Amino acid sequence: MHHLISGAAGFIGSHLCDRLLADGHTVVALDNLITGSRKNLEHLAGNRNFQFLEYDVTRTIDVDGPFHHVWHLASLASPKDYLAHPIETLESGSTATRNMLEVARRYGARFLLTSTSECYGDPHVHPQPETYWGNVNPVGVRSCYDESKRYAEAMTMAYHREYGVRTNIARIFNTYGPRMALKDGRVVPAFLDSALRGEPLTVYGDGSQTRSFCYVSDMVDGLVRLAASEERYPVNLGNPAELTILEFAEWTRKFMGSDVEIVFEPLPQDDPQRRRPDISKAKRVLDWAPKVKLEDGLRETVEYFRTLVPVR
Ligand code: UDP
């Protein structure tokens, strides 16, 4: 089958390209490279089932189909990046989602939106099931991401209801693995980068906030299963193993055999206090649950970052 993927040079997008090509499909990959990197796709150069186009999907999309599947992954995804580019972030959730939905509609293709656990904001329900409507600050600094993804979900449902497009919505929780940008500010690359350099790990707030980390191969498997399903409402994809950020900092030090200091800085505005996916729906509907343990996923991730960081 023929696939169109936006955000294909990003972290998850590039792994999705690999998976679809390995499964025998052909892929047209779009990315404006605002945070994605050609390097993430350079191993695919010369693959005749793969084509990369530097393309801004917030503009009208003029690529030759037909496609069987349209995947909209394009977005700034790290708080550091979306706080630096709030308008581009809003556009990737709004205009770009509509543009990609139009391509799906034009060709009668299936459509998958990668949405986010940020739709739940700073949640009052824990763990978060898909039925929870969330607690989002609509005018806070993170709203450019949270609200554009909520809009993207609403637009996706509208295309399904209005035009019968066969849509899926994945709510992705924190995901990590090789090809994350080393300097994108997210906690996994930030801690590994510091530990590899022998520098202190910076914990924001008192470190009591929690996250749950899913390895990228598990995430991509969940996305592929969801894209083949008839589930139209959002499905959480993430690893329910929850730990505090301070525990994760201590864990990282131990894992890296490092004795670097842990230092504390103020908590960013609207930083969610607790986050853990309720994945009962993904288990039931997709027969999916993450398989990769944190230590195994981190080992692969550290291997990758070692190639980028001059190790002390
Ligand atoms: N965080 C931290 N130190 C860092 C980067 C992040 O303590 O160097 C914290 C951040 O405040 C948040 C959690 O780690 O509570 C996860 O942050 P990340 O940016 O990875 O993603 P988020 O889940 O907030 O989107």
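Ligands are counted one by one from 1 in listed order, and the atoms in each one are counted from 1 as well. Fair warning: this is a prediction, and the values are worked out from it, not measured in the lab.
In the hydrophobic clustering, Tyr159 connects to Leu4, Val28, Leu30, Leu53, Tyr55, Val57, Ile61, Val63, Phe67, Val70, Met100, Leu101, Val103, Tyr107, Phe111, Leu113, Tyr151, Met155, Met157, Tyr163, Val165, Ile169, Tyr233, either directly or through intervening members, whenever side-chain heavy atoms lie under 4.5 Å apart. Annotation for Tyr82: hydrophobic cluster partners, listed by chain and number, are Ile34, Leu76, Leu83, Val141, Tyr145 (ILVMFWY side-chain heavy atoms under 4.5 Å, direct or chained).
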Test ring-ring contact (aromatic ring centres under 6.0 Å, His included) on Tyr204 and Phe264; report intermediate values, then the result. CA-CA 6 Å; Tyr204 299 144; Phe264 294 86; over 10 Å; no

Under 3.5 Å, sequence neighbours excluded: what are the donor-acceptor pairs made by side chains of residues 288-296?
{"residue": "Trp288", "atom": "NE1", "partner": "Asp218", "partner atom": "O", "Å": "3.0"}
{"residue": "Asp296", "atom": "OD1", "partner": "Arg299", "partner atom": "NH1", "Å": "3.0"}

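The aromatic rings of Phe11 and His15 stand perpendicular to each other, their planes meeting at an angle above 60°, with 30° marking the opposite boundary.
Summarising the local packing, CG of Asp259 is surrounded by 12 or fewer heavy atoms from other residues, nucleotides or ligands at distances under 6.0 Å.
Closer than 4.0 angstrom to ligand 1 by heavy atom are Pro79, Glu118, Arg142, Asn174, Gly185, Arg186, Val187, Ala190, Phe191, Thr202, Val203, Tyr204, Gln209, Arg211, Ile245, Pro268, Asp271, Arg275, sorted by chain and number.
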